[in-house]
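What you see below is based on every heavy atom in this structure, not just the backbone, and it leaves out hydrogens, waters and symmetry mates. Numbers restart at 1 for each chain; the letters A, B, ... are given by sequence-line order, proteins then strands.
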There are 2 protein chains.
Amino acid sequence: MKLYDRIDASILEIVQKNNRLTSQVIGDQVGLSATACQRRLKRLRDIGVIEGDVSIISARAVGRPIQMIVLVTLERERSDIIDRFKRALRITPEIVNSFYVTGETDFVLYVTARSMEDYEVFTRNFFYENPDIRGFKTLVVMDRVKAGFSVPVEVPDED
Amino acid sequence: MKLYDRIDASILEIVQKNNRLTSQVIGDQVGLSATACQRRLKRLRDIGVIEGDVSIISARAVGRPIQMIVLVTLERERSDIIDRFKRALRITPEIVNSFYVTGETDFVLYVTARSMEDYEVFTRNFFYENPDIRGFKTLVVMDRVKAGFSVPVEVPDED
DNA sequence: ACTGAAAACAATTGCGA
DNA sequence: TCGCAATTGTTTTCAGT
C-alpha cells in the first residue's frame, strides 16, 4: 500500500511551493497531460497526502510585524495540565503555531504581535496569570530564513 | 496608504484556511460578487499582502514522521558567520523552516527526518562538522497543537 | 492508467453606474 | 469600486487506446 509514486512526488514538490499553477503547467513539468495530472492531485488530496491548501499572509502587511518564539515550561508534566494548556493555545489568536516537545522545554510557541507593548500585555495575561506555567523564555524573531513550509518529499522506489 | 479594508480582512481569514474556494463561494461569505472578490484577491497578491499560495503536505505521509525543533548557538555573533549559516540553512532540505532570533539562542530550526537514526546522521554532518556552531539543543516534537499558519488579520478602521 | 475532445465551470476583462 | 455580460482559460467528464 504505497501512497504515491515518483511522479506524485514531483507534483508535491511543485504544489507545496505554488498551488495556483494550472494542471497544464504542472503536467508539462512532470511529463503528463493536464487531465492525468489533475486526477493525481485530486487523489493526493483525497487520501490526505495533501493536508490542505492555503494562502500565506504577510504578518507584517497585516499589522503584526513582531514575531516571537516562546519556550514554555509547565509546573508539572501531568496530562491534565498539558491538555488544559493545549486548549488555551488553541483559543488564543496571537499564537499562530505551537508544538508540544520533549527536552528542556515543554512547549514551543510561535507568536505574533502588533508591537512590543502588545506582546508585553499578552505575556502578562497569558503567562503570568497561568499557575500551570513554571517559566518561559522569549526569543524575538529578527529574520525568517526559510519562507515556506516545504517538506522534502521522499521519492519512492517503483514496484 | 492603507493596504486593505474590512472586507479584504474577511477574505484573508478565509483564504488562509483554504485558498481553493471559488470566488463565488468567498464572495457569498463576504457579501460581494465573484468578480469583485476576485479583483480583491488579485490585488492582495499583487501588493504582497498574500505572500504565496501553497499546498500543505503531510510530513508523515511523505516519509518524514520525525520532527524536531533545534535551538542553535553560534560561536560568535559576527555578521559573516551569521550570513554563512543562513546560506547553509537555505540549501539543507531537512530544515523546513528557520528563524534568526535574539535571546539565549541564535537560530531556531524546524527539522524533519525519516527516523531518529537519520536525524543523528544529520546532526553529525550539519552541526558537529560546522566550526561556527557552539552548541545546539534538540526538542523532539510530540504533537503539533495548532495546525495552520494562520495569522490573525487586523481589521482596519474605515477612513 | 493514460490521452484528447467536449462540456461544465471559474477567472478575467470591458463597460456603465 | 461595484455588478453584469462577454471572453478567455481551466477543470472535469467521458469515450477510446
*B:Asp53 has an atom CG; how far is it from atom C1' of C:dA11, in whole Å?*
14 Å
*Salt-bridge contact A:Arg87-A:Asp83 (side-chain N to carboxylate O under 4.0 Å)*: no
_Residues A:Asn19 and B:Asp53: side-chain donor-acceptor under 3.5 angstrom_ = no
*Who passes ring-ring contact (aromatic ring centres under 6.0 Å, His included) against A:Tyr110, sequence neighbours left out?*
B:Phe99
*Charged N to carboxylate O below 4.0 Å: is that the case for B:Arg43 and B:Asp8?*
yes
*asked:* Could you work out, with ring-ring contact (aromatic ring centres under 6.0 Å, His included) as the rule, every residue matching B:Phe107, not counting sequence neighbours?
replied: B:Phe85, B:Tyr100
*Spell out protein contact along nucleotides 2-14 of chain D as letters: B when the base is contacted, S when just the sugar-phosphate is, - when no protein heavy atom is under 4.0 Å; keep the 5' to 3' order.*
BBBB----SSBB-
*Value rounded to 0.5 Å, distance of CD in A:Gln29 from CD1 in A:Ile7*: 13.5 Å
*Between C:dA11 atom P and B:Arg43 atom CZ, what is the distance in whole Å?*
19 Å
*In whole angstrom, give the distance that lies between atom CG of B:Asn19 and atom P of C:dA10.*
15 Å
*Could you tell me the separation between the CD1 atom of B:Ile11 and the P atom of C:dA11, rounded to a whole number of Å?*
13 Å
